[in-house]
Amino acid sequence: MNFERLNAYRIMWVLVMFDLPTETKAQRKIYARFRKQILDDGFTMFQFSMYIRHCSSRENATVHVQRVKNILPAKGHVGILNITDKQFGLMEIFRGKEPIDAPVGTQQLELF
């Protein structure tokens with residue numbers, strides 16, 4: 001087994017944070033389309049307007065970052081952040097004052 005592939009400094013999380021205008025029907029449609037497209041690419045909602053995706057490597061993260069860049073709306077603010085699995089694991093998450101566990105990345109079976 002190649003342990004480098006399981007290294008917490010090699011495995012990445014991609015965070016996409018966005019604030020898009022939703023004042024008009026057309027703007028809400030653009031917002032909904034962008035949100036659906038990132039969901040279709042495997043992102044999950046972490047918080048309102050913040051979505052995360054577990055990636056097996058930096059190279060895989062780069063692919064998903066580029067996909068988000070390819071669908072950026074003309075207006076609004078979008079931030080994309082890559083962090084290692086190790087950094088993500090250091091995050092403290094609370095629901096109210098109660099700590100909760102951070103999301104766990106998916107395990108993917110590789111066939112050779």
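We number each residue from 1, following the sequence as shown. All of these numbers come straight from a predicted model, not from anything done at the bench.
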Chemist: Taking the inter-plane angle between the rings of His54 and Trp13 on a 0 to 90° scale, is it parallel (under 30°), tilted (30 to 60°) or perpendicular (over 60°)?
Modeler: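 Perpendicular: the ring planes of His54 and Trp13 meet at over 60°.
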Chemist: Between Glu98 and Arg95 (side chain of the first, backbone of the second, donor and acceptor by atom type, cut-off under 3.5 Å), is there such a pair?
Modeler: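 Absent.
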Chemist: Say whether Phe48 and Met91 are linked into one hydrophobic cluster, either directly or through other cluster members, by side-chain heavy-atom distances under 4.5 angstrom.
Modeler: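 In one cluster: no.
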Chemist: Short question: side chain of Arg28, backbone of Thr22 - any donor-acceptor pair under 3.5 Å?
Modeler: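 Yes: the side chain of Arg28 pairs with the backbone of Thr22.
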Chemist: In Å and rounded to the nearest 0.5 Å, what is the CZ to OH distance from Arg58 to Tyr9?
Modeler: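 Output value for this atom pair is 11.0 Å.
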Chemist: Over all heavy atoms of both residues, which pair between Ile11 and Cys55 is shortest? Give the atoms and the distance, please.
Modeler: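 Ile11 and Cys55 have their closest heavy atoms at CG2-O, 3.3 Å.
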Chemist: Is it true that Phe34 and Phe18 have ring centroids separated by less than 6.0 Å?
Modeler: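 For Phe34 and Phe18, the ring centres are under 6.0 Å apart.
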Chemist: Hydrogens and angles aside, do Thr84 and Gln87 bring a side-chain donor and acceptor to less than 3.5 Å of each other?
Modeler: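 Yes, Gln87 and Thr84 have a side-chain donor paired with an acceptor closer than 3.5 Å.
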Chemist: Roughly how far, to the nearest 0.5 Å, is the NE2 atom of His64 from the CG atom of Asn82?
Modeler: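 Nearest 0.5 Å value for the CG-NE2 distance: 11.0 Å.
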Chemist: Which one of Ile52, Ile80, Leu81 satisfies the side-chain contact (heavy atoms from CB on, under 4.5 Å) criterion with Met17?
Modeler: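 Single pass found, and it is Leu81.
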Chemist: Ignoring hydrogens and geometry beyond distance, is a side-chain donor-acceptor pair present between Asp41 and Gln37 at under 3.5 Å?
Modeler: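 No, no side-chain donor-acceptor pair sits under 3.5 Å.
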Chemist: When rounded to the nearest 0.5 angstrom, what distance separates OH in Tyr31 from OG1 in Thr24?
Modeler: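 Taking OH in Tyr31 and OG1 in Thr24, the distance rounds to 14.5 Å.
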Chemist: Assess whether side-chain contact (heavy atoms from CB on, under 4.5 Å) is satisfied between Val16 and Val65, documenting all intermediate values.
Modeler: CA-CA 9 Å; Val16 175; Val65 167; over 6 Å; no
Chemist: Are Val63 and Phe43 connected in a single hydrophobic cluster, I mean Ile/Leu/Val/Met/Phe/Trp/Tyr linked by side-chain heavy atoms less than 4.5 Å apart?
Modeler: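 No, Phe43 and Val63 fall in different hydrophobic clusters.
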Chemist: Evaluate the side-chain contact (heavy atoms from CB on, under 4.5 Å) criterion for residues Leu20 and Val78: first the C-alpha distance (whole Å), next the side-chain angles of each, then the deciding distance (0.1 Å), finally the verdict.
Modeler: CA-CA 8 Å; Leu20 304 179; Val78 178; 4.2 Å; yes
Chemist: Would you compute the distance between atom CG of Leu72 and atom CZ of Arg67 and round it to the nearest 0.5 angstrom?
Modeler: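 That separation rounds to 14.5 Å.
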Chemist: More than 12 heavy atoms of other residues, nucleotides or ligands under 6.0 Å from CD of Glu23: yes or no?
Modeler: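 Check fails, neighbour count at 12 or below.
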Chemist: Applying side-chain contact (heavy atoms from CB on, under 4.5 Å), run through Phe94 and Glu92 and close with a yes or a no.
Modeler: CA-CA 7 Å; Phe94 297 87; Glu92 294 183 75; 3.7 Å; yes
Chemist: Do the side chains of Leu15 and Met45 join up, straight or via other hydrophobic residues, at under 4.5 Å, putting them in one cluster?
Modeler: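 In one cluster: no.
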Chemist: Nearest 0.5 Å, please: how far is CD in Gln27 from CD1 in Ile30?
Modeler: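 Ile30 CD1 to Gln27 CD: 7.0 Å, rounded to 0.5 Å.
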Chemist: Please answer: with hydrophobic residues joined when any side-chain heavy atoms are less than 4.5 Å apart, are Leu90 and Met12 in the same cluster?
Modeler: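 Looking at the clustering, Met12 is in a separate group from Leu90.
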Chemist: With Ile38, which of Thr44, Ile71, Val14 fulfils side-chain contact (heavy atoms from CB on, under 4.5 Å)?
Modeler: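 It is Ile71, the one option of Thr44, Ile71, Val14 that forms the side-chain contact (heavy atoms from CB on, under 4.5 Å) with Ile38.
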